[in-house]
Every structure is written in structure tokens, then in C-alpha cells.
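Working notes for the structure below.
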Amino acid sequence: MQLFLEGPGAMAHGDIEKKAGEKFDRVTVYRTLQTFVDKGIIHTIPTADNSIRYALCKDECSEGHHHDHHIHFVCSNCHTTYCLDDVVTPEIKLPKGYSADQVEVVVQGICKDCK
Ligand SMILES: [Zn+2]
Ligand SMILES: [Zn+2]
Ligand SMILES: [Zn+2]
């Protein structure tokens, strides 16, 4: 599974499956990714088309506890998803009675490589 840990940006579940598919079956790939998420090694990124993307955790994530309070950037030209580790998720003010467990911010635009 080393392959995707070395790749730039985030990787789609389908891409990982394709690359790992020669050596591992789908279930193994899925379980391994799930284990990585549980262990705080990678985190999932929400996408507009509902496919799952994964990225390496750079913040201090530990087993069962993620601290990835950064936003994600999706380039509409090359479709690469970036972890913007320096950009902290803005605090969302919720109405009384609501509490947020997780806030996902995905920004869409043109990345620096496509400028
Ligand atoms: Zn994390
Ligand atoms: Zn781009
Ligand atoms: Zn991220």
C-alpha cells in the first residue's frame, strides 16, 4: 500500500483500487484503507460526485482521533485534490441545539500548477 502514500495530493478510491488491484483484491484494498483511516494515517475527503478520496494525514492524528482541521481544494482543471494544511477550517456558528462533530470545507478553483 506504499504506492499511494508517496503520490502527490489525494487519491481516489478507484485509482488506488486500480493500482493495488494487481496484487490485492477489492475487499483487501477497502479493508486496508479503512484500517489506515482508523489508525489516523489517512483521512477521507468529500467530493462533489460522491466518490471517496483519501489523503495522508499530516497533522497530529492518532488512532481513532483525527485532527485534520484543514480545508481541501479541488482543481477544476486537473481535478487534483489538495490538502491545504495551513488553512484552518473556519468555525461554523450553529443555531442553538445543534452541535457539529465535523466540518468539511472543499474549495473549488484553479490550482497553482494550472495557473
Ligand atoms: Zn487525520
Ligand atoms: Zn490544477
Ligand atoms: Zn486533507
Side-chain angles (χ1 to χ4, degrees):
M1 298 313 285
Q2 198 63 26
L3 63 100
F4 99 99
L5 301 177
E6 290 159 1
M11 280 188 77
H13 189 96
D15 291 342
I16 299 166
E17 226 168 48
K18 239 180 270 165
K19 289 198 183 175
E22 295 154 19
K23 287 183 190 161
F24 308 95
D25 61 65
R26 293 171 68 101
V27 180
T28 309
V29 173
Y30 181 80
R31 283 213 193 114
T32 307
L33 291 170
Q34 216 42 57
T35 307
F36 283 178
V37 171
D38 290 345
K39 285 193 180 298
I41 299 166
I42 57 174
H43 57 276
T44 51
I45 301 168
T47 54
D49 59 2
N50 269 331
S51 64
I52 312 169
R53 280 178 178 272
Y54 298 92
L56 263 188
C57 290
K58 285 177 197 151
D59 307 326
E60 278 136 42
C61 291
S62 52
E63 191 161 345
H65 207 95
H66 282 275
H67 302 274
D68 303 290
H69 300 307
H70 57 265
I71 69 166
H72 291 106
F73 186 93
V74 182
C75 177
S76 33
N77 187 55
C78 64
H79 303 291
T80 306
T81 305
Y82 299 91
C83 288
L84 301 184
D85 299 295
D86 297 334
V87 187
V88 177
T89 311
E91 215 182 299
I92 310 287
K93 281 214 162 64
L94 292 167
K96 244 194 166 153
Y98 294 84
S99 69
D101 286 330
Q102 210 181 351
V103 180
E104 309 268 22
V105 178
V106 180
V107 178
Q108 202 148 24
I110 302 294
C111 76
K112 57 177 172 28
D113 294 336
C114 294
K115 272 259 152 76

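All ligand and atom numbering here is 1-based and tracks the order in the structure.
Linking ILVMFWY residues whenever their side-chain heavy atoms come closer than 4.5 Å, directly or via other members, leaves Ile45 and Val37 in distinct clusters.
A search for side chain to side chain donor-acceptor pair (under 3.5 Å) contacts involving Asp25 returns Thr28, not counting sequence neighbours. Among residues two or more places apart in sequence or in another chain, the ring pair (Phe, Tyr, Trp, His ring centres under 6.0 Å) test is passed with His43 by His70, His72.
Without hydrogens or angle criteria, Thr81 side chain to Val74 main chain gives no donor-acceptor distance under 3.5 Å.
Among the heteroatoms counted here (N, O or S) of His66, ND1 is the one nearest to the Zn ion (ligand 1).
The CE atom of Met11 sits 11.0 Å away from atom CD of Glu17, with the distance rounded to the nearest 0.5 Å. Interatomic distance, CZ of Arg26 versus CZ of Arg31, reported as 13.5 Å (0.5 Å rounding). Taking SG from Cys78 and CG from Asp113, the interatomic distance works out to 6.5 Å, rounded to the nearest 0.5 Å. In this structure, the separation between CZ on Arg53 and CG on Asp15 is 6.5 Å, given to the nearest 0.5 Å. Atoms CG and CD1, on Leu56 and Ile41 in that order, are 8.5 Å from each other to the nearest 0.5 Å.
Of all protein N, O or S atoms, those under 2.8 Å from the Zn ion (ligand 2) number 4.
For the Zn ion (ligand 3), protein N/O/S neighbours under 2.8 Å (waters excluded) are His43 NE2, His70 NE2, His72 NE2, Cys83 SG.
Taking both residues in full, the closest heavy atoms of Ser76 and Ile110 are given as OG-CD1, 3.9 Å, listed atom of the first, atom of the second, then distance.
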